[in-house]
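Treat the numbers as computed from the prediction; the structure is a model and nothing was measured. In what follows, every chain begins at residue 1, and chains take the letters A, B, ... in the order their sequences are listed.
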Number of protein chains: 2
Amino acid sequence: MVGVIGDGVVAGDADIAPVAALMGEPARAAVLMALLDGRALAASTLAAEAGVAASTLSAHLARLVDGGLVSVEASGRNRYFRITRPEVADTLEALARLAPCRPVRSLRQGTHAEAIRHARTCYDHLAGRLGVAVCDALVAAKVLGVEEDPGGRPDPVLGAGRSRRYVLTKSGRARLAELGVDVEATGRRPLTRYCLDWSEQRPHLAGALGASLLARFVELGWVTRGERRVVKVTDAGRKGLVAEMGVDPDAWA
Amino acid sequence: MVGVIGDGVVAGDADIAPVAALMGEPARAAVLMALLDGRALAASTLAAEAGVAASTLSAHLARLVDGGLVSVEASGRNRYFRITRPEVADTLEALARLAPCRPVRSLRQGTHAEAIRHARTCYDHLAGRLGVAVCDALVAAKVLGVEEDPGGRPDPVLGAGRSRRYVLTKSGRARLAELGVDVEATGRRPLTRYCLDWSEQRPHLAGALGASLLARFVELGWVTRGERRVVKVTDAGRKGLVAEMGVDPDAWA
DNA sequence: CTCACACTTCGGGGCTGAGCGAAGCGTCCC
DNA sequence: GGGACGCTTCGCTCAGCCCCGAAGTGTGAG
């Protein structure tokens, strides 16, 4: 009756295999991880990142675009690729949480590994120890409240499946506005999102607010975005984060 | 060969490719989806589910175990496989949320895709719009309460997702028994399980109770199981679900 | 003890797809 | 316009692994 060989997964069922296979090839995985900070990178940059020939990478990128994980934007003779949706980044982070860290092969790689655990960008918001510390500070200052996610009703798409969520308090909204954080800049995106950090195994703040927060930090010159998702905190940033944000300096330094 | 390894991917960064590749093969993906509800299934069951020979599946299972996604428990001459950690299920669900974005390739697939989104079985319980609607009705009628899950793993701060669960209330137990649902038929299986629906992006009821509920619906002739997990609601079922269960007819019709 | 069953291991066949270089097409710069 | 640059397409090779059936190991039932 059924007996269809090679068609084990039923059409219409959630067919995770194709998507997972896209992420399961080393070169493509490297591309996706490189794009995880939300920036758009040129094909040549990504080829160097993945360590394969341009022609090889071109094929990979075509498949990623076809699979809806990555979108293209042509600009002159360059084509810039970026991750299409936050859900893709979510999935990559979920996989990262599952994956063992690759062994460290050199001192340089070791220091970078340390740096990226210290402070990095995750798609478009802060992560690493700094991201967690900032998030903790926001909760401690009651800028954010943590509440249980009533995961049934209101949120049609995002937020479901997350057991807890952050809500921006009234006083928190005022406080962030005072700091110049664009609290209103949320499109269809949820303002806050509870995002588990793969290196710290603790939550940090994602969503539109997480993005606005990072943008403002950069604007203030508190942090600078370095190579490969690494984030550096400036002297002014160190002071500002402690004085204005109430971040515990020991928690991330 | 040392030089072949691209230094593009940073040591210490998470290497998602091997894990994603494990999930990216159709037979293994089918296995993982079958185990998604937390049950432990025998190898032969999984072979039928994946539609491959026992020997083929054995190799797949060995790789899944080796990769830490699945654990084995030998019992007599059977070996039962289950998903090791909630993080694995989280990742599978993240992938499933990404997967439905594929375009529908044929009309026939389209109608089947619609049917399966309407009402289907998720291995042994109801899912799709009907599954969500029934679950909503149970919560609204206070047959089920939603509470935070204290449980399971010794986690540093927060459990990695899945920390909410349904509990059967006292009155709910009586009400279901009245309907003829076998409330006691739970082996080692958790009575209820909070399961996010991939097509509806909202939770529905899994676990032993979800299974008993479906069994009773079938017994009552309210629903019939069709091909490929599609569930059809009979006329009697339509009436019964609305009258007895308090399901909102607009929510799933 | 013997058969039946569940699962694994082994050997071989077949196909997908990842890889590269060369060539083609379009864009930007001098 | 000519040339450099960025990217894609094409043709090809080769490795990996997915698959099966048959044989081997261990357990349970009669």
Side-chain angles (χ1 to χ4, degrees), chain A residues 2-9 15-32 34-35 40-67 69-82, chain B residues 1-6 8-9 15-32 34-35 40-67 69-82:
Chain A
V2 178
V4 183
I5 299 173
D7 194 16
V9 179
D15 194 1
I16 67 167
V19 187
L22 281 177
M23 300 177 173
E25 199 281 327
R28 287 194 296 263
V31 165
L32 290 169
L35 294 174
L41 298 179
S44 53
T45 309
L46 292 170
E49 190 74 28
V52 295
S55 60
T56 301
L57 196 88
S58 182
H60 284 310
L61 287 171
R63 295 185 66 179
L64 288 173
V65 171
D66 187 59
L69 299 184
V70 161
S71 59
V72 207
E73 193 179 337
S75 170
R77 59 184 170 185
N78 292 316
R79 297 183 77 199
Y80 293 94
F81 296 83
R82 69 169 68 235
Chain B
M1 63 157 287
V2 181
V4 176
I5 298 175
V9 179
D15 191 5
I16 66 168
V19 187
L22 281 177
M23 299 177 174
E25 198 283 324
R28 287 194 296 264
V31 166
L32 290 168
L35 295 174
L41 298 180
S44 53
T45 310
L46 292 169
E49 187 72 33
V52 295
S55 60
T56 301
L57 196 88
S58 182
H60 284 310
L61 287 172
R63 294 183 66 178
L64 288 173
V65 171
D66 187 59
L69 299 184
V70 161
S71 60
V72 206
E73 193 179 338
S75 170
R77 59 186 170 184
N78 291 316
R79 296 183 75 201
Y80 293 94
F81 297 83
R82 69 168 69 238

Please give, in whole Å, the distance from [N] [atom2] to [X] [atom1]?
X: A:Glu73; N: D:dC7; atom1: CD; atom2: P; result: 14 Å
X: B:Leu64; N: D:dC17; atom1: CG; atom2: P; result: 14 Å
X: A:Leu46; N: D:dG6; atom1: CG; atom2: P; result: 14 Å
X: A:Asn78; N: D:dT8; atom1: CG; atom2: C1'; result: 14 Å

Exercise. Under 4.0 Å: is that the gap between some side-chain N or O of B:Thr56 and OP1 or OP2 of D:dC18?
Worked result: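 Answer no for this pair, as no side-chain N or O of B:Thr56 is under 4.0 Å from OP1 or OP2.
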Exercise. Closer than 4.0 Å, any side-chain N/O of A:Ser58 to the OP1 or OP2 of D:dT8?
Worked result: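 For A:Ser58, the contact criterion (side-chain N or O under 4.0 Å from OP1 or OP2 of D:dT8) is met.
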How close do [X] and [Y] get, heavy atom to heavy atom, and via which atoms?
X: B:Ala50; Y: B:Val31; value: CB-CG2, 4.3 Å
X: A:Ile16; Y: B:Ala29; value: CG1-CB, 3.8 Å
X: A:Ala34; Y: A:Leu41; value: O-CD1, 3.9 Å
X: B:Leu57; Y: B:Ala47; value: CD2-N, 3.4 Å

Output all residues satisfying side-chain contact (heavy atoms from CB on, under 4.5 Å) with [X], sequence neighbours left out; order by chain, then residue number.
X: B:Ala43; result: B:Leu61, B:Phe81
X: B:Ala42; result: B:Ser44, B:Thr45, B:Tyr80
X: A:Ser71; result: A:Arg82, A:Thr84
X: A:Thr56; result: A:Val52, A:Ala53, A:His60

Problem set entry | Nucleotide nearest B:Glu25 when distance is taken to its side chain, options D:dC7, D:dC20, D:dC19 |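 Minimum distance to the B:Glu25 side chain belongs to D:dC19.
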For this session: For the helix from C:dC1-D:dG30 to C:dC30-D:dG1, figure out the bend between the end axes, five pairs an end, and round to 10 degrees.
Result: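 End axes: 30° apart.
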Problem set entry | Rounded distance (nearest 0.5 Å) linking atom CG of B:Leu46 with atom CZ of B:Arg79 |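 One gets 12.0 Å once the value is rounded to the nearest 0.5 Å.
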Give every donor-acceptor pair under 3.5 Å between a side-chain atom in residues 20-27 of chain B and any protein atom, sequence neighbours left out.
from, atom 1, to, atom 2, distance (Å)
B:Glu25, OE1, B:Ala27, N, 2.9
B:Glu25, OE1, B:Arg28, N, 3.0

Problem set entry | Touch class at under 4.0 angstrom, heavy-atom based, for B:Ala43 against every strand present |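 Sugar-phosphate: the residue B:Ala43, judged by heavy atoms under 4.0 Å, touches backbone atoms but no base.
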Problem set entry | Sugar-phosphate, base or nothing in reach of A:Ala42, heavy atoms under 4.0 Å |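 It contacts sugar-phosphate atoms only.
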Problem set entry | Range on DNA chain C touched by chain A - first to last nucleotide, heavy-atom distance under 4.0 Å |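 Listing 5' to 3', DNA chain C meets chain A from C:dG17 to C:dC28.
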For this session: For nucleotides 22-30 of chain D, just jot down a letter per nucleotide in 5' to 3' order: B, S or -, based on protein non-hydrogen atoms under 4.0 Å.
Result: B----BS--
Problem set entry | Trace of the side chain to side chain contact (heavy atoms under 4.5 Å, CB included) decision for A:Val70 with A:Leu32 | CA-CA 8 Å; A:Val70 161; A:Leu32 290 169; 3.9 Å; yes
